[in-house]
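Quick notes on the structure that follows.
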Amino acid sequence: MNCPRLRLRYYSTSHFNQRIMHLKHASGATKVDDALQVFDEMLQRQPPPSIIQFNQLITVVVKTRHYSTALSLYKQMKLMGIPTDLYAMNISINCHCRLNQVTYAFAILATIFKQGQPPSLTTYNTLINGLVLADRVVEAVEMFKKLLREKLCEPNPITFGTIINGLCKVGYTSKALELLRFMEASSCKPCVAQYNTIIGSLCKDKMVDDALQLFANMTEKGVLADVITYNSLVQGLCNFGRETEAAKMLIDMEKEGLSPTVNTFNILVNAFCKQGSVKDAELAVQSMVRRGLHPDVITYNALIDGYCLRGEIDEAENVLDGMVERDIVPNIITYSSLINGYCKNKRIDEARHLFQEIQDKGLIPNIITYSTMLQGLFQSGNPAAAREFFNEMQTKGQTPSLCTYRILFYGMCKNSQCSDALALFRSLGSEELMKDIVLYNILIDGCSKCGKPNLGMDLFDELSSKGLKPTVWTYTVMIPVYFQEGLLEKGKELVRRMEENGCLPDRVTYCVIVQELLKKNEPREAENFLKEMLSRGFFPDSSTFSMVLHLIPNVGKDSRLRSIFQKLTSEERMAE
DNA sequence: ATAGGGTTAG
């Protein structure tokens, strides 16, 4: 009896309760191991603790997402002859669902029936959610209908919410909205969670105004928005470039007595940075600090990236120093942004140095880090080093992404290697690459820049057979291709044709056609396009503008064009 | 005690 393992048998029930409670609130790396330790002791105790305690403990393991471990614990209990209950089976069903083992989950349902007990509503909800998680939304809906039809149980808001979530997941947001309306009319009233699912989905579908409408509806019905509602809306507005409204939303939520979280601010900070106004992002950070919130690694990374995108590497370095001072540990994303910043500033040696240094520190570069370096090497005018780097990254086990290939092919074409790029593109025979219109745009543009317009035409001609739809960008890069081949009519016709195909020419398209026509000594034609461009509210960029000034004598016998140009030239003088 | 909503950064 002096064996320590056996002595544990005398621990009281309340002893385990305390330890389970403690584990629930614990955080850290040893949480699961500690739970397993407690489990072993519980298993040893005679008589065994109640199934409720086992379920509580295993729930701790489930919450850390160690589903297989949780299932193995139930297996051990079974071996020890400890009987389980419906709760235990529901938890097991959930674990199998999370592990993408819906078949096993349904096997447990069969066991429940075999034991002669009715499954609970939770059993059904968990299974329906399992089908949704497995992208088997149609089956989830079928099961839901069967539940109603055979009156197996009365659905609750969670049942509806799960189906709403599934419908949104597969893009049937309007069906989800119908179901929500059904709930509103029924006695099973929706709560904020169901509204949030649809609001989030509408925002993802770029229907942020509909999301705002639903938000208003919800409030009218007396359902109070929570932080998740506001965060979704802030995100939705930011995705649409509506940062000002998003910032206003943040004030609104405070008026409602809800405190914005670090996430709320991070969404705004990131949006301001992406939009180019790091100043506003810094102001947002200040206001989050004033509210007692602590910026985290995501906040700092957004700022660093914002500065790097603007090429303000010194500012980015300052932010890095600041975060380190506050004990926030920079991660691979932080350093990838900085590497990008150095590359953008043509400081390739510093980029390479940092790339090496982080690896010495034990950080593992990922495909984005490698792609950033690759781009930097090409931009530094060293295509040979870039190619070598590209091969090296693959020997290190990095699989190039679509983005990597875009960088590679763009870099090769920029360095007069469009034939090599094309040969590589063909030899890869990758389905993913051949479905990417952006890559085609890069290659077509590359061919024309390399003086191989015939290759560009071949690429353009194969688009339709690949099921690819040309974009504004595609049509725009095709103009110089036709012009190089001397097919001026086809080039001009393309500008008409793209419009018929639902691609309105943009500023770049007009700049390109005007410049190409001027190069081919067609000032009258150029002027026609220029007029059309101006009438559509586009202004020439500086290179087009100076070409126009030099090559069109007495620009604009037409008074409107002349007045626009007089205005432009005077503005330019003022800027000088 | 078990089931549902969102995670923002390269």
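Quick note on labels: first sequence line is chain A, next is B, and so on, each numbered from 1. Remember, predicted model here, so these are calculated numbers, not experimental data.
When distances run from any side-chain atom of Asn331(A) to the nucleotides dT2(B), dA9(B), dA1(B), the shortest one goes to dA9(B). The listed nucleotides are dA1(B), dG10(B), dG4(B); the one nearest the side chain of Lys24(A) is dA1(B). The side chain of Asn366(A) sits closest to dG10(B) out of dG4(B), dA1(B), dG10(B).
A distance of 6.0 Å or more separates the ring centres of Tyr124(A) and Phe144(A). For Tyr74(A) and Phe54(A), the ring centers are positioned 6.0 Å apart or more.
Regarding contacts with the backbone of dT2(B), a side-chain N or O of Lys63(A) is found under 4.0 angstrom from either OP1 or OP2. Asn231(A) has no side-chain polar atom (N or O) that falls below the 4.0 Å cut-off from OP1 or OP2 of dG6(B).
At a cut-off of 3.5 angstrom, counting only N and O atoms as typed in the model, there is no donor on one side facing an acceptor on the other between the side-chain of Asn90(A) and the base of dA1(B).
Looking at Ile368(A) and Ile332(A), their side chains never come closer than 4.5 Å, going by heavy atoms from C-beta outward. Within the 4.5 Å cutoff, no side-chain heavy atoms of Met183(A) are placed close to those of Lys189(A).
Within residues 336-344 of chain A, the residues approaching DNA chain B are Ser336(A), Ser337(A), by heavy-atom distance under 4.0 Å.
Residue contacts for Asp85(A): at a heavy-atom cut-off of 4.0 Å it reaches a base atom on one of the strands shown. Heavy atoms of Ile228(A) sit under 4.0 angstrom from at least one base atom. Nucleic acid contact class of Asn129(A) (heavy atoms, under 4.0 Å, all strands): sugar-phosphate only. The residue Thr159(A) sits apart from the nucleic acid: no heavy atom pair falls under 4.0 Å. Residue contacts for Cys238(A): at a heavy-atom cut-off of 4.0 Å it reaches no nucleic acid atom on any strand shown.
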* Can you check side-chain contact (heavy atoms from CB on, under 4.5 Å) on Gln56(A) and Asn17(A), steps first, answer last? -> CA-CA 9 Å; Gln56(A) 283 175 330; Asn17(A) 268 342; 4.1 Å; yes

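What separates CG of Leu250(A) from C1' of dT8(B) is a distance of 13 Å, to the nearest Å. Rounded to an integer number of Å, the gap from CG of Asn55(A) to P of dT2(B) is 9 Å. With rounding to whole Å, Ile128(A) atom CD1 is found 11 Å from dG4(B) atom C1'. At whole-Å resolution of the value, CZ in Arg406(A) and C1' in dG10(B) are 16 Å apart. Rounded to a whole Å, the CG atom of Asn301(A) is 8 Å from the P atom of dG10(B). Regarding Lys169(A), its NZ atom lies at a distance of 14 Å from the C1' atom of dG6(B), rounded to whole Å. The OH atom of Tyr87(A) sits 8 Å away from the P atom of dT2(B) (whole-angstrom rounding). As a whole-Å value, the separation of Tyr300(A) OH from dG10(B) C1' is 18 Å.
With sequence neighbours excluded, the residues satisfying salt bridge (charged side-chain N to carboxylate O under 4.0 Å, His left out) with Arg242(A) are Asp209(A), Glu245(A).
The aromatic rings of Phe215(A) and Tyr230(A) sit perpendicular, their planes meeting at an angle over 60°, well past the 30° parallel limit. The aromatic rings of Phe160(A) and Phe182(A) sit tilted, their planes meeting at an angle between 30° and 60°.
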